[in-house]
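In what follows, a structure is listed as structure tokens, so that the remarks can point back to it.
This one's a predicted model, so the numbers in the text were calculated from it and none came from an experiment.
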Amino acid sequence: MKLKRTVDVKNVIGLLFKFLFIYMVINLINSKYNLALSAIVIFACIIYGSIFERCIYLENSYLYIKRRNVRQKPNSLKDNHIRLSDVHSYSLNNPFLQFSDFCLSEKNITLYLNNSKSICFAAKEQDEIIKTLNDNNIFQQKSSKPKGLIKLIIFVLLSLIISVIYFVLMSKNKTESSIILFILTLIMTVYFLYKVIYGLVVFNYRKNK
């Protein structure tokens, strides 16, 4: 069964800020050239890779994670797969999902594996998946740590550093383009900071609920 991925508009917008971050870094390295075409290519690759080239199947007690060739049926020899017996527990609705390959919705499932790894994904068949997990004696746990927070904090710090660099460049050369670039870096930093604060509020609310 091919799972129908759940995608939230605000998390697709998050992809735009991910693109903006990459663009700003490239622009610092290669600011002498017109990066308009490169920006379009980067954005298209991120959208395509995150939405259209990601697929999840649930077949015969196996969860298949496909990062390419999504139209082909899952193959246990070629595709990464997880057996239900490999799953130790699960948690629901992790708010820190900005940089997850398979998760673009706050209504999601995180599977904790016996090898200490985990995977987070969002699918419209969430209730059906939860029933399958419960039927296989896989219990739900409340995560004691906000998974993904550290990665998001790193992006906040890097965005802040980039903002400072663009501020210095703007101070030296107050052109319209330099001002716009600085404003964009500020917006990007504020967005990532918002994601951290929002995620912590939601996580602590659910934890204490």
Side-chain angles (χ1 to χ4, degrees), residues 1-20 22 40-115 117-143 146-149 151-152 191 194-195 198-199 202-203 205-206 209:
M1 175 180 67
K2 182 180 179 180
L3 303 182
K4 297 178 182 178
R5 295 183 61 200
T6 302
V7 178
D8 297 340
V9 174
K10 66 179 180 179
N11 290 303
V12 175
I13 294 175
L15 288 178
L16 176 62
F17 280 94
K18 183 178 179 180
F19 147 77
L20 182 61
I22 296 173
I40 295 173
V41 172
I42 293 170
F43 184 57
C45 289
I46 290 175
I47 292 293
Y48 179 78
S50 297
I51 298 178
F52 301 106
E53 196 65 8
R54 298 284 188 271
C55 189
I56 302 176
Y57 283 85
L58 185 61
E59 298 274 348
N60 300 322
S61 298
Y62 282 80
L63 187 71
Y64 290 90
I65 311 299
K66 291 178 68 67
R67 286 185 167 86
R68 59 184 183 277
N69 300 325
V70 295
R71 295 183 180 180
Q72 297 179 4
K73 291 185 177 180
N75 187 315
S76 59
L77 298 178
K78 296 180 180 180
D79 299 313
N80 183 23
H81 60 277
I82 300 170
R83 295 175 298 179
L84 288 177
S85 58
D86 295 331
V87 181
H88 175 263
S89 58
Y90 71 93
S91 64
L92 299 176
N93 306 328
N94 175 22
F96 296 102
L97 47 86
Q98 173 69 41
F99 308 108
S100 173
D101 285 338
F102 294 93
C103 190
L104 290 172
S105 173
E106 291 183 9
K107 188 177 181 182
N108 54 70
I109 300 177
T110 301
L111 301 180
Y112 301 97
L113 310 182
N114 294 326
N115 60 5
K117 294 182 180 181
S118 63
I119 180 170
C120 181
F121 63 93
K124 293 183 178 180
E125 300 86 351
Q126 188 179 78
D127 293 339
E128 185 176 344
I129 296 170
I130 292 172
K131 185 179 183 303
T132 301
L133 293 171
N134 292 335
D135 290 344
N136 285 269
N137 298 317
I138 299 171
F139 69 93
Q140 179 183 351
Q141 71 173 37
K142 287 188 176 181
S143 179
K147 182 175 175 57
L149 174 60
K151 186 182 294 186
L152 198 52
Y191 172 79
Y194 156 77
K195 291 293 292 184
Y198 171 80
V202 172
F203 180 83
Y205 171 78
R206 291 172 180 167
K209 191 175 180 180

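Across all their heavy atoms, Ser89 and Gln141 have their closest contact at OG-OE1, 3.0 Å. Taking both residues in full, the closest heavy atoms of Ala122 and Ser105 are given as CB-CB, 3.7 Å, listed atom of the first, atom of the second, then distance.
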(Q) side chain to side chain contact (heavy atoms under 4.5 Å, CB included) for Asn93 and Glu106? Distances and angles first, verdict last. (A) CA-CA 5 Å; Asn93 306 328; Glu106 291 183 9; 5.9 Å; no
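Taking Asn115 as the reference, Leu113, Lys117 meet the side chain to side chain contact (heavy atoms under 4.5 Å, CB included) condition, with sequence neighbours excluded. Partners of Asp135 under the salt bridge (Lys or Arg N to Asp or Glu O under 4.0 Å) rule, at least two apart in sequence or in another chain, are Lys131. Contacts of Asp8 classified as salt bridge (Lys or Arg N to Asp or Glu O under 4.0 Å), with partners at least two apart in sequence or in another chain: none. Partners of Asn114 under the side-chain hydrogen bond (donor to acceptor under 3.5 Å, both in side chains) rule, at least two apart in sequence or in another chain, do not exist in this structure. By the side-chain hydrogen bond (donor to acceptor under 3.5 Å, both in side chains) test, Asn134 pairs with Tyr90, sequence neighbours left out. Every residue was checked against the side-chain hydrogen bond (donor to acceptor under 3.5 Å, both in side chains) condition with Thr132, not counting sequence neighbours, and none meets it. Contacts of Ser118 classified as side-chain hydrogen bond (donor to acceptor under 3.5 Å, both in side chains), with partners at least two apart in sequence or in another chain: Lys147.
Leu63 is listed as a side-chain neighbour of Leu111, based on a closest heavy-atom distance under 4.5 Å. Taking 4.5 Å as the limit, some side-chain heavy atom of Ile109 sits within range of a side-chain heavy atom of Leu92. Side chains of Phe203 and Leu149 form no contact here, defined as non-hydrogen atoms less than 4.5 Å apart.
Using cut-offs of 30° and 60° for the angle between ring planes, the Tyr191 and Phe17 rings count as parallel.
Here the CZ-OG distance, from Phe139 to Ser91, works out to 10.5 Å after rounding to the nearest 0.5 Å.
Just one residue in the list Gln126, Lys124, Glu125 forms a side chain to side chain contact (heavy atoms under 4.5 Å, CB included) with Thr6, and that residue is Lys124.
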